Amino acid sequence: MSTLLKLDQIQTFIGQYHILQGVSFEVPKGEVTVLLGRNGAGKTTTLRTIMGLNPAAKGSVLLKGEEIKSLPTYTIANKGIGYVPEDQGIFADLTVEENIKVAVKKENDETRQRLDWILNLFPDLKKFWNKPGGLLSGGQKQMLSIARAYVNDNELLLIDEPSKGLAPIVVEKVMESILQMKEKTTIILVEQNFMMASTIGDSFYIIDDGRTVSNGSMNILREDEEMRRKYLGIA
Amino acid sequence: GSGTEKSGGTEGKVGKEEQTNTIPIKIGVLASQTGGLEAYGKQTLRGFELGLEYATDGTSEVAGRKIEFIVEDTETKPEVAVQKATKLLEEDEVDFLVGSSSSGDTLAVLPLAEEYEKIMIVEPAVADSITGSEFNEYIFRTARNSSQDAVAGAAAIAKKGVKIATLAPDYSFGRDGVSAFKEAAEKLGAEIIHEEYADPAATDFTSNIQKIIDQKPDYLFVVWAGANSPWNQIADMKVQEKGIKISTGAPDIAALATMEPLIGMEGFTVYYHDLPQNDINKWLVDEHKKAFNGELPDLFTPGGMTAAMAIVEALKKTEGDADAKKLIKTMEGMSFETPKGKMIFREEDHQALQALYAIKLEKKAGVNYPVPVLIRELSPEETAPPVRN
Amino acid sequence: MDVLINLSLNGLATGMLIFLLAAGLTLIFGLMDVLNFAHGGLFAWGAYSGIWVYTSTGSFFAGIIGAILTGMILGIVTERWIIKPVYGNHVQQILITLGLMLVLSEMLKVVWGPNQISAKTPDYLSGSWEFGGIIIIKYRVFIIAVGFAVFLAVQYLLKKTKIGLVVRAGVMNKEMVQSLGINIQKVFMFVFMVGAGMASLGGMLLGPYSGVIYADMGMEFAILAFIVVVIGGMGSFTGSVMAAVLVGLSGSFMAYYVPDLALAANMLLMAVVLIFRPHGLFGAKG
Amino acid sequence: MTRIFTDRMNIIYLLVAAFLAVFPFIYDSRSMLILFSQVFIFAVLAMSYDILLGYTGIVSFGHAMFFGIGAYTVGIFMKRFEPETSYFLLAVLVTIFLTAVVSYFVGLLTLRLKSHYYAMLTMAFAGLFLVLAEKWRTVTYGNDGFTFRVPDFLKDRTDFYLLCLGSMVIVFMLLKRFTNSPLGKVLQAIRENEQRTESLGYSVLQYKVIASIVSGVIAGIAGILYAVSLRFVNTSVFTMDITLDALLMTIIGGVGTLVGAIIGAGIIEFSHHWLTELAKVHWIFERWIIFFGIIYILAVMFFPMGIVGSIKKWKFSRKKKVPAPVHSDTINQGKS
Amino acid sequence: MTAILETKNLSIIFGGHTAVDAVSISVPPNHFKSIIGPNGAGKTTFFNLLSGQLTPTEGQVFFKGKEITKLSPTKRTRAGIGRSFQITNVFPNLTVIENVRLAVQSHAGIRYQMFKHFRSYKKFEEQAEEWLKLVLLDDRKDALAMNLAHGEKRKLEIAMLLALNTEVLLLDEPTAGMSLEEVPAILDVIRKIKQRGDRTIVLIEHKMDMIMDLSDTIMVLFNGALLADGTPEEIMKNETVQSAYLGGLHREHAAKA
Ligand SMILES: Nc1ncnc2c1ncn2[C@@H]1O[C@H](COP(=O)(O)OP(=O)(O)OP(=O)(O)O)[C@@H](O)[C@H]1O
Ligand SMILES: Nc1ncnc2c1ncn2[C@@H]1O[C@H](COP(=O)(O)OP(=O)(O)OP(=O)(O)O)[C@@H](O)[C@H]1O
Ligand SMILES: [Mg+2]
Ligand SMILES: [Mg+2]
């Protein structure tokens with residue numbers, strides 16, 4: 001299985017703060033790679049670094065072998081990377097429809113099909129199609145943010161805590177959807193919901209204090225209670 | 001002829017006071033060198049410089065004393081005018097102030113002239129209040145005031161039985177102008193049937209013009225200043241075709257260019273370079289052209305010159321003594337030569353009475369703006385405004 | 001009756017002219033949320049360059065093209081060097097654009113001198129038709145036509161392409177828009193350029209309307225443009241047209257029927273509209 | 001540590017104030033005095049604006065309204081009645097009353113109108129005051145304005161200089177205390193997040209109205225000083241230019257800092273002064289306004305948070321940087 | 001025992017969409033009540049009605065028997081209803097400690113003091129620090145709130161609510177986005193407050209284990225309407241709740257419980 005994305009000793013500064021101090025991991029194509037770690041560890045910053053929103057000062061970000069570290073965000077996005085930010089990034093004054101329309105790169109049948117599929121997944125969005133995004137409920141915003149990233153034919157999706165604020169049954173749906181997409185799309189997932197992470201994740205990396213401290217196959221974490229306690233503080 | 005006469009006189013005085021008084025006379029000139037009235041400021045300054053040259057015969061000396069002048073930019077802001085005037089009075093210790101381009105700036109400076117007991121020659125600010133309610137004895141004005149304009153305007157068109165409507169911008173200048181015009185015109189037997197005031201910053205004057213048309217006057221007298229003007233729209237509304245004659249004061253050349261639609265109108269002007277027929281004016285036109293690559297003196301150029309000439313004349317009379325009290329006595333009632341002929345500082349309010357010109361705007365070959373053509377000269381007595389201080 | 005028609009027609013024409021002045025600002029201020037105090041400078045430059053081209057070539061049409069081009073070039077330069085660093089920061093925008101405004105209007109004097117310059121209508125657009133008591137000024141008909149054309153063109157741009165959406169989204173969350181693969185800087189630059197071009201067009205057309213252009217016209221009319229954008233409701237293009245026409249008509253009618261308040265017409269109108277509709281006529285609640 | 005820092009700042013402020021107080025006695029130039037007085041007056045105006053912009057997050061385009069009310073009140077009192085101290089004091093009281101009432105009502109409108117809409121509405125109000133000053137000609141003499149005499153104690157320029165300096169210092173101290181008070185902290189919270197402030201149990205509207213009144217009254221006082229310094233008043237005191245001046249000074253100096261407003265006033269007035277002086281020296285500077293504009297542009301580029309704001313940030317980050325590398329060092333060692 | 005918080009027929013309609021539909025509940029003092037329901041069921045909106053951010057189209061809200069339907073959020077906070085927000089809602093350019101201090105200051109009732117220096121209120125600072133310690137955020141007290149990581153902001157949000165010290169605490173998904181290892185700590189905080197027995201807590205959460213653990217009663221909102229209100233056991237048995245809210249995985253979970 002080939003590696004789609006590879007981060008090597010990434011160092012990222014925000015202002016004068018040295019946030020990432022050595023993050024390295026590999027994302028195999030067609031798998032779900034989960035980033036775990038406590039609050040403030042640097043998970044979000046890692047995703048933002050990949051997107052070019054907080055460009056790395058040192059290290060390399062290789063997408064299919066190509067260095068994308070210093071490319072502008074939109075170019076990176078156009079290489080087939082979709083992003084669901086942790087704060088959802090909803091355009092509050094735009095309607096649900098417009099929020100999605102802004103995201104659509106190509107208006108063709110395939111996109112339309114995908115959109116149908118998403119709206120089936122999240123019927124609430126269809127219901128509030130013409131409502132300004134800012135007026136949606138917390139969970140609905142989360143759905144919209146996910147839908148916006150799904151609608152394009154992306155090779156890689158970066159999803160930051162998708163289950164946050166979703167009802168259990170919707171979390172299940174999201175999980176299902178991710179599993180369905182796995183065939184075509186590779187996913188990097190930041191997730192605090194261990195049930196979800198362990199169900200859909202193939203491998204995991206743990207980030208602490210701005211560096212990757214541990215990694216392995218998700219099976220290990222699923223079975224090894226000791227490891228869970230050590231890195232995640234849960235049994 | 002007059003040149004040699006003057007230089008002879010000067011020499012004589014130099015001999016007399018050589019030892020006692022060799023400190024230069026200093027004149028502080030306030031003008032708008034930037035901001036909205038920049039063009040006016042420049043005219044005044046050019047005129048002033050030429051005026052000094054003419055009055056001292058190129059020596060820049062009067063009664064043995066050198067004349068120096070310092071120019072300061074008021075930026076058409078009263079607070080700057082006050083700052084600059086204070087600087088002139090305090091640091092440069094000027095003996096005279098001259099200025100300025102805006103009435104507001106000038107008004108703000110008036111009390112300083114009194115405080116420092118220095119003569120201030122007002123040029124070309126027009127507000128009546130300068131020599132009216134805000135007058136102090138140190139103030140002399142070589143510029144004509146709004147009322148003089150109005151009297152001239154009235155003289156050009158008002159007759160018994162004539163019905164006149166007025167159009168003016170809705171601020172002091174317009175209001176003062178119209179009320180003075182009304183007084184003068186009614187004195188001449190005309191009837192003011194409608195006064196229309198427009199927002200000077202408006203884009204559209206057609207409503208105001210419409211209203212005037214509705215009143216069917218014989219004349220429409222327009223008091224206007226500032227770039228944004230109603231001329232185009234007066235033409236578009238076919239005012240003249242409806243038998244209403246237009247009259248107004250002719251402005252400077254740049255603004256005349258916008259008055260093409262008014263060709264044929266009769267009005268008045270303060271100055272146009274070929275109107276006054278005298279040697280001084282001829283000298284002014286020639287020297288101005290020489291000095292400023294062919295440009296002609298404009299509306300306020302002779303004013304600047306006049307201010308300089310008035311100062312030199314007064315100093316000659318006091319034999320170089322710049323003491324304000326003495327100067328006031330000398331200048332009150334003083335008559336002096338100017339590019340516009342003789343002027344007299346009226347004793348009561350120190351306003352210079354001066355000739356104005358009844359004119360008609362005509363198209364002239366080779367000139368790309370309508371030219372004011374003399375109908376008749378309005379004598380200083382004829383245009384004397386009421387005393388209001 | 002004739003009076004009413006005259007007042008309405010002239011009010012409408014003035015409104016359309018004001019719309020042309022404000023249209024660019026509707027994009028730049030209303031849509032992109034940039035407090036551009038240099039807007040006046042842009043249309044003063046449009047006026048001067050346009051009239052200059054017109055008088056030197058004799059072609060009014062060339063003048064219009066010249067004005068628009070000047071505006072667009074200035075727009076690109078302005079966006080690139082002045083506005084780009086300060087998107088989203090109103091405080092900095094005020095300072096930097098005021099600085100630019102000073103530079104722009106002073107530069108006008110360096111290039112064309114401090115005097116006002118007369119601007120004539122081309123022969124085929126001068127004069128007026130008279131039907132009974134109704135006077136129709138040709139140039140005003142022309143303005144109304146151009147105003148409608150510009151309105152339709154921009155409306156098309158905003159409604160039929162994603163640009164309007166992208167800009168609105170970009171103002172709310174620039175990072176997110178970029179994460180969606182859109183080069184928002186290029187879009188902003190384009191919209192700013194279009195806005196500046198329209199401003200210049202407005203300035204150019206204003207010249208012959210009043211017959212004169214002068215360096216200070218910028219600030220004077222910029223305030224009017226701001227008023228129109230705010231009355232119409234930020235970001236609403238339809239709102240701007242309505243507001244501009246309202247300003248034109250109210251000016252026209254107030255000058256005729258309540259001349260004492262004419263000076264205050266625009267300020268009164270704005271105060272009344274905002275007190276009763278705090279988000280302007282067509283502004284979104286939010 | 002912050003304590004020491006502010007103590008040191010206070011000493012600097014004191015020294016500067018003391019220097020300014022003896023300045024007229026060691027350097028005898030009246031035009032400098034006038035320039036400085038002008039700086040002090042505009043500093044007062046700019047500080048009042050900073051209360052709105054920097055501390056409460058309200059943008060107003062109509063601040064000239066209060067300045068103008070002060071200027072006209074004192075002008076009219078001095079002109080209509082006698083130029084005596086008693087009338088002057090009365091004028092001050094009337095100004096405070098009028099500006100307080102007007103700013104109270106204007107402040108109430110912040111409830112209904114947000115950001116740009118509020119800014120433009122204040123501009124409309126200032127515009128209406130301008131028209132009033134224009135039209136009420138029997139009292140105001142229209143846009144030409146009028147001159148007036150001032151009470152004896154204001155006649156001497158040095159005394160007046162000291163009065164302006166004193167006013168500035170007092171206003172600075174009062175506002176410093178005001179912004180550092182618990183109430184001031186709430187104002188900053190409102191600037192940051194209005195709705196959240198409300199749900200913490202603070203009634204936002206009341207705070208905005210208080211800020212508006214404080215700011216309005218102080219702007220009115222600046223207007224009084226301004227009119228007295230010129231002994232003349234005309235409609236220019238109500239124009240947008242005055243508001244823009246206040247805005248520019250506040251921004252150049254750094255919003256939300258108060259000292260910034262003073263420094264901004266100094267910078268603008270002095271660079272104005274020097275540029276116009278230069279205009280006489282070299283023709284390049286004849287169009288000095290261009291350079292003035294360039295100064296604004298450069299100010300934004302090099303001091304994006306205003307002079308004081310940027311210096312503060314710069315100092316802050318230098319202090320903060322020290323522990324950071326230490327932290328990463330230890331981690332690195334731990335790893336190796 | 002009279003209810004501390006009560007709603008009667010509370011409804012709100014947004015342009016045709018009934019977000020909260022005739023909900024009548026009553027919460028006794030010192031009670032712990034949780035609200036669950038699908039996304040968009042109206043939970044947050046219901047909170048907004050309780051805390052005064054929204055005024056109902058119909059119905060009333062009572063606090064200690066007094067009607068407060070028309071009171072502003074400010075007045076309700078002062079009366080004793082504090083809330084946290086689902087979408088993080090802090091003062092971005094103030095430091096963490098300043099954020100909390102504002103809440104402490106409000107609780108102390110120092111609102112219009114404009115002549116004293118804020119530093120003369122040392123106690124505020126100390127108390128604020130204590131609250132931060134409680135939510136494990138004291139090491140970041142001088143950071144600007146906007147520079148916090150998402151989970152840290154959530155903690156700050158809780159600290160601010162706690163600092164208000166109100167009788168009623170409305171918590172809207174307090175632990176969403178909080179890291180696995182820190183959730184227990186925050187749970188402890190909430191549990192401690194509950195155990196003190198002088199606070200009424202209403203909690204919105206989607207984390208079922210947490211809800212089961214803490215709640216005295218649970219109410220379920222569905223399409224704005226009150227579907228059920230009862231003990232955790234009762235609610236978990238409810239068919240509709242199971243099928244439309246919990247879904248498959250949790251059904252097993254519930255069965256285990
Ligand atoms: N703009 C910023 N300025 C300064 N520090 C920042 C900034 N943004 C983030 N940080 C800090 O960087 C660290 C990592 O933040 P990041 O958002 O990546 O954490 P995270 O792992 O996603 O945490 P969470 O689970 O809470 O979302 C945190 O300590 C945070 O406070
Ligand atoms: N201000 C508003 N205007 C219009 N509709 C609104 C408004 N606020 C909420 N809604 C709608 O009301 C419904 C309920 O929203 P609410 O935020 O209360 O849901 P919720 O139960 O908190 O959901 P979640 O669990 O996703 O946070 C949603 O459909 C939402 O779109
Ligand atoms: Mg995160
Ligand atoms: Mg919710």
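Sequence lines set the chain letters: A, B, ... in the order given, protein chains first and strands last, and positions in each chain run from 1. Since this is a predicted model, take the numbers as computed values, not measurements.
With a threshold of 4.5 angstrom between heavy atoms, B/Ala257 approaches chain C through its backbone and through its side chain. Residue C/Ile213 does not touch chain B at all, counting heavy-atom pairs closer than 4.5 Å. If you measure heavy-atom distances from C/Tyr139 to chain B, you find no contacts under 4.5 Å at all. Using a 4.5 Å cut-off between heavy atoms, C/Ile136 makes no contact with chain B at all. When heavy atoms are compared at a cutoff of 4.5 Å, B/Glu241 does not approach chain C at all. Only the side chain of C/Asp216 has a heavy atom closer than 4.5 Å to any heavy atom of chain B. At a 4.5 Å heavy-atom cutoff, the contact between C/Ala255 and chain B is made by backbone and side-chain atoms alike.
The candidate from C/Ile18, C/Asn115, C/Leu263, C/Ile135 with the greatest count of non-hydrogen atom pairs under 4.5 Å with chain B is C/Leu263. Most heavy-atom pairs under 4.5 Å with chain B, from the set C/Ser126, C/Gly11, C/Ser210: that is C/Ser210. When the candidates B/Asp204, B/Thr203, B/Asp199 are compared by the number of heavy-atom contacts under 4.5 Å with chain C, B/Asp204 comes out ahead.
With contacts defined as side-chain heavy-atom distances shorter than 4.5 Å, the pair B/Thr206/C/Arg140 qualifies.
Applying the 6.0 Å contact sphere to CH2 of C/Trp112 captures more than 12 heavy atoms from other residues, nucleotides or ligands. Counting heavy atoms of neighbouring residues, nucleotides and ligands inside a 6.0 Å radius, atom CE of C/Met219 exceeds 12 of them. Residue C/Lys138 places its NZ atom among more than 12 non-hydrogen atoms of other residues, nucleotides or ligands, all under 6.0 Å distant. Within 6.0 Å of the NZ atom in B/Lys242, the count of heavy atoms belonging to other residues, nucleotides or ligands exceeds 12. Other residues, nucleotides and ligands place no more than 12 heavy atoms under 6.0 Å from the NZ atom of B/Lys289.
The minimum heavy-atom distance linking B/Lys238 with C/Ser128 is given by the pair NZ-O, 3.1 Å. B/Thr258 and C/Gly211 make their closest contact through CG2-O, 3.7 Å (heavy atoms, listed as atom of the first residue, atom of the second, distance). Taking every heavy atom of both residues into account, B/Ala255 and C/Gln116 meet most closely at CB-NE2, 3.4 Å. Heavy-atom minimum distance, B/Asp214 versus C/Val3: OD2-CG2, 4.0 Å. The shortest heavy-atom contact between B/Met237 and C/Ile137 is SD-CD1, 4.2 Å. Taking every heavy atom of both residues into account, C/Tyr209 and B/Gln233 meet most closely at O-NE2, 3.8 Å.
Under the 3.5 Å distance criterion, the side-chain polar atoms of B/Ser207 are matched with a main-chain donor or acceptor of C/Ser252.
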*Please step through salt bridge (charged side-chain N to carboxylate O under 4.0 Å, His left out) for the pair B/Glu38 and C/Lys109, ending with a clear verdict.*
CA-CA 10 Å; B/Glu38 180 176 332; C/Lys109 297 185 192 166; 3.3 Å; yes
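From B/Asn368, atom CG reaches atom OG1 of C/Thr55 across 10.5 Å, with rounding to the nearest 0.5 Å. The line from CG of C/Asn10 to CZ of B/Phe205 is 12.5 Å long, rounded to the nearest 0.5 Å.
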